[in-house]
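I have placed the structure first, in the form of C-alpha cells, so that the comments after it can refer back to it.
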Amino acid sequence: MIYIFIAVAGFVGAVLRYITGEVLFRPDTIFPFATLFINIVGSFLLSWLMFHTLPISAQLKKAIGTGVLGSFTTFSTLSAETVSLLQRELYAVAFLYISLSFAGGTMAAIAGSKAGPGKEGGV
C-alpha cells in the first residue's frame with residue numbers, strides 16, 4: 001500500500017513542481033531562479049518533515065517525503081541547467097547557481113530542522 005501512497009504523492013509533487021516552475025520561470029533571464037527556489041523550499045520542507053513529530057502515520061510521512069518532496073525537488077534539473085550554463089560559457093553564473101543551490105539548500109534544511117514545535121532531535 002505504501003507504494004500507492006508514494007506514487008500518488010509523487011504525482012502531486014511533480015504537478016506542484018511544474019506549476020511552480022511555470023509561475024517562476026522567466027525566459028528573459030539566464031539564471032534558473034525557478035529550480036533554485038524549488039530546491040531550497042523543498043530542502044526546508046523535507047528537513048522539517050524529517051526532524052519533527054507530526055500527528056500523521058509513518059506511511060503518510062514517507063509518502064510526503066519521498067513522493068511529494070522527492071518529485072518536487074530536482075537534482076537532475078539543477079545538473080542539466082548547470083551544464084547548459086557551462087556550455088554557453090557562463091561560468092560565473094554556473095558557479096553562482098551551484099553555490100547558491102548548495103548553500104541555500106543546506107541553510108534551508110538547517111532552518112527546517114529547527115523550525116516549529118514538535119522537534120524530535122534527529123532522524
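Quick note: numbers below take in every heavy atom, side chains included, and nothing from hydrogens, waters or symmetry partners.
Of the possible polar contacts, none joining the Ser84 side chain to the Ala80 backbone as a donor-acceptor pair under 3.5 Å is found. A distance-only check finds a donor-acceptor pair linking the side chain of Asn39 to the backbone of Thr74 [under 3.5 Å]. For the pair Ser47 (side chain) and Ser113 (backbone), a donor-acceptor distance under 3.5 Å is present. A donor-acceptor pair under 3.5 Å is formed between the side chain of His52 and the backbone N or O of Ala115. No side-chain donor-acceptor contact under 3.5 Å links Lys61 to the backbone of Ile56.
Using a 4.5 Å heavy-atom threshold, the side chains of Tyr97 and Leu78 count as touching. Within the 4.5 Å cutoff, no side-chain heavy atoms of Met107 are placed close to those of Ile40. Inter-residue side-chain proximity for Leu24 and Phe33 is flagged as unmet; no heavy-atom pair is nearer than 4.5 Å. No side-chain heavy atom of Arg88 sits less than 4.5 Å from a side-chain heavy atom of Val93. In this structure, the side chains of Ile30 and Leu90 come closer than 4.5 Å at one or more pairs of heavy atoms. Counting heavy atoms from C-beta outward, Tyr91 and Leu85 have side chains that stay 4.5 Å or more apart. At a threshold of 4.5 Å between non-hydrogen side-chain atoms, the residues Arg17 and Thr35 count as touching.
Phe5 and Leu45 fall into different hydrophobic clusters, where Ile, Leu, Val, Met, Phe, Trp and Tyr side chains are chained together by heavy-atom contacts under 4.5 Å. Under the 4.5 Å side-chain heavy-atom criterion for ILVMFWY residues, no single connected hydrophobic cluster contains both Val8 and Leu69. The hydrophobic cluster containing Phe44 also contains Leu16, counting ILVMFWY residues as joined when their side-chain heavy atoms lie under 4.5 angstrom apart, directly or transitively. No continuous path of hydrophobic side-chain contacts links Leu60 to Met1 [ILVMFWY only; heavy atoms under 4.5 Å]. Transitive grouping of hydrophobic side chains (ILVMFWY, heavy atoms separated by less than 4.5 Å) keeps Ile98 and Ile38 in distinct clusters.
Between Ile6 and Ala63, the shortest heavy-atom distance links the atoms CG1-CA, 3.9 Å. Here the shortest heavy-atom pairing between Ser43 and Thr73 reads N-CG2, 4.4 Å. Between Leu46 and Gly65, the shortest heavy-atom distance links the atoms CD1-CA, 3.8 Å.
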#### Entry: Verdict with reasoning, Val41 to Phe72, per side-chain contact (heavy atoms from CB on, under 4.5 Å)
CA-CA 9 Å; Val41 168; Phe72 179 67; 4.3 Å; yes
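Crowding of Phe31 atom CZ: a count of heavy atoms from other residues, nucleotides or ligands under 6.0 Å exceeding 12.
Here OG1 of Thr82 is found 11.0 Å from CD of Gln87. Values are rounded to the nearest 0.5 Å.
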